[in-house]
Amino acid sequence: MWHLYEDVLGDQWRSLIYRKTVNKLRSLPYKVTSVEQIREMYGVGKSLVKMVKEILGTGQLQKLDNLKAQVGEIQVLGSVWGIGAIQARELYKKGFRTVKDLENYSSLTSMQRMGVKYYDDINLRIPRDEVADTEKFVRGVVETLAPGAWVNAAGSYRRGKPTCGDVDILITHPDGSRFTSLRCCTHSSHLHLLCSHQDLLARLGGTQPDMFMGIFHFQGKPYRRIDIKVYPRHVYAFALLAFTGNDVLNRKIRFLARVKFGYKLSDQGLFIRESKKKDVWFTESIPCETEREIFEKLGLDYPEPHDRNW
DNA sequence: GGGCTGTACTG
DNA sequence: CAGTAC
DNA sequence: GCCC
């Protein structure tokens with residue numbers, strides 16, 4: 001249901017609530033059999049209780065069935081990488097119905113084109129072993145470019161998930177002076193190094209040289225979504241935290257950082273908000289070498305990556 | 001009623 | 001800027 | 001959607 005709100009209706013807030021609630025109920029140590037078990041839960045209000053009640057009673061949810069019927073084929077369009085709710089509806093209006101319909105449509109962005117081309121592969125889950133192999137492979141390539149560099153697969157892989165939706169790789173170098181050579185990793189010239197192994201298919205996004213978002217083809221496996229990002233060492237802990245996620249955890253701690261401390265937390269640091277009269281600006285980042293330090297600065301217990309699946 | 005993370009890309 | 005993605 |  002939250003997919004519907006995300007991909008078709010473009011209601012990110014309902015989508016978020018539904019997703020959070022499903023995860024919440026799923027993570028309970030018992031199976032929900034009565035609404036009394038959830039009535040008091042924070043973040044579960046009248047509407048959700050009602051929905052759960054209906055599901056428990058009838059085994060289905062009318063609202064969802066109606067929605068599905070209404071939305072029909074638009075959802076498929078909205079589930080393409082690079083196509084959001086608005087474009088999905090636009091395309092539907094123009095007569096497109098399936099992903100295949102989009103194959104020869106010229107007015108797609110490069111991201112959408114790739115999303116269409118590899119639609120089936122991209123939507124497959126990736127076994128974590130394969131992510132580990134990919135990480136190892138990238139590490140090998142990077143090592144030849146900048147010996148001593150750190151290469152870590154983040155994302156759901158790092159959170160210990162058995163399968164992943166994409167591969168998210170972070171790179172840094174403990175020696176700052178080596179960093180410049182490292183940034184080349186995401187430059188097209190060095191992506192060619194990866195390409196020469198017939199593994200990296202295409203470059204996309206990021207004129208900024210330290211990020212790559214694209215498609216990866218590895219060892220005859222299906223085509224996979226991969227992000228590679230290069231960060232300077234002094235920011236690495238923040239990047240690792242941000243791209244390990246999950247996103248709900250990020251939002252939670254960023255929100256807390258702001259309202260409780262007046263901080264701004266992002267993948268590039270922890271900044272103190274300064275203001276004088278109307279002007280607001282931020283300080284240099286509070287230095288943190290490790291994720292643990294970041295949590296400490298925010299007065300939070302350190303959660304292991306596998307405890308960040310919110 | 002208004003906020004709900006913060007950042008960067010494309011077009 | 002809107003739209004999309006992470 | 002929920003919470004303030």
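Numbers restart at 1 for each chain; the letters A, B, ... are given by sequence-line order, proteins then strands.
At a threshold of 4.0 angstrom between heavy atoms, the contacts of A:R19 with the nucleic acid are absent. Contact annotation for A:D168: backbone-only contact, meaning every heavy-atom pair under 4.0 Å involves sugar-phosphate atoms and none involves a base. A:M51 comes within contact range of the sugar-phosphate backbone alone, with a heavy-atom separation under 4.0 Å but no base atom that close. Nucleic acid contact class of A:I83 (heavy atoms, under 4.0 Å, all strands): sugar-phosphate only. Contacts of A:K63 with the nucleic acid, taken as non-hydrogen atoms under 4.0 Å apart, involve only primed sugar atoms and P, OP1 or OP2. Within the 4.0 angstrom heavy-atom criterion, only backbone atoms of the sugar-phosphate kind lie near A:D227; the bases stay farther away. If you check every strand for non-hydrogen atoms under 4.0 Å, A:A85 touches sugar and phosphate atoms only. Contacts of A:V80 with the nucleic acid, taken as non-hydrogen atoms under 4.0 Å apart, involve only primed sugar atoms and P, OP1 or OP2.
Across D:dC4, C:dC6, B:dA8, the shortest atom-to-atom separation from the side chain of A:Y42 is found for D:dC4. Side-chain proximity of A:S110 to D:dG1, C:dC6, B:dG11: nearest is B:dG11. Side-chain atoms of A:Q87 lie closest to C:dT4 of the nucleotides C:dT4, D:dG1, C:dC6. Considering only side-chain atoms of A:W81, the nucleotide from C:dA5, D:dG1, B:dT5 that sits closest is C:dA5. Side-chain proximity of A:T109 to the nucleotides B:dG11, B:dT5, D:dG1 is greatest for B:dG11. Distance from the side chain of A:R254 is smallest to B:dT5 among B:dT5, D:dC2, B:dT7. Listed candidates were C:dC6, D:dG1, B:dT5. Nearest to the side chain of A:M213 is C:dC6. Here the nucleotide nearest the side chain of A:W13, chosen from B:dA8, C:dC6, B:dT5, is B:dT5. Side-chain proximity of A:L48 to the nucleotides B:dT5, D:dG1, B:dT7 is greatest for D:dG1.
Regarding A:K252, its NZ atom lies at a distance of 11 Å from the P atom of B:dT5, rounded to whole Å. The distance between atom CZ of A:F243 and atom P of C:dA5, rounded to the nearest whole Å, is 15 Å. We find that CZ of A:R14 is positioned 16 Å from P of B:dG2, with the value rounded to whole Å. Between A:L265 atom CG and B:dT7 atom C1' the separation is 12 Å, expressed in whole Å. When rounded to the nearest whole Å, the span between CG of A:D267 and C1' of C:dC6 equals 9 Å. Put simply, CD1 on A:I86 is 15 Å from C1' on B:dT10, counting in whole angstrom units. Rounded to whole Å, the distance from CZ on A:R251 to C1' on B:dT7 is 13 Å. When the P atom of C:dT4 is taken as reference, atom CG of A:D247 falls 18 Å away, rounded to whole Å.
Atom CG of A:D301 sits in a sparse spot, with 12 or fewer heavy atoms from other residues, nucleotides or ligands closer than 6.0 Å. Environment of NZ in A:K161: sparse, with no more than 12 heavy atoms of neighbouring residues, nucleotides or ligands closer than 6.0 Å. Atom NZ of A:K94 is surrounded by more than 12 heavy atoms from other residues, nucleotides or ligands within 6.0 Å. For CG of A:N104, the number of neighbouring non-hydrogen atoms (other residues, nucleotides, ligands) closer than 6.0 Å is 12 at most. For CD of A:E304, the number of neighbouring non-hydrogen atoms (other residues, nucleotides, ligands) closer than 6.0 Å is greater than 12.
A gap of 14 Å separates the C1' atoms of B:dT5 and C:dA5, to the nearest Å. Rounded to whole Å, the separation between the C1' atoms of B:dC4 and C:dC1 comes to 22 Å. C:dA2 and B:dG3 are spaced 16 Å apart, taking the P atom of each and rounding to whole Å.
Using the six-membered ring where Trp is involved, A:F218 and A:F137 have ring planes that are tilted, between 30° and 60° apart.
The aromatic ring of A:F255 is not stacked on the base of B:dT5, since the criterion of ring centres less than 5.5 Å apart with planes inclined by under 30° is not met.
For the pair A:K264 and A:L108, nearest-nucleotide mapping onto DNA chain B gives the more 5' position to A:K264.
Checked against a 6.0 Å centroid threshold, the rings of A:F271 and A:Y263 do not count as neighbours.
Listed pair A:Q268 / B:dA8 meets the phosphate criterion, a side-chain N or O lying under 4.0 Å from OP1 or OP2.
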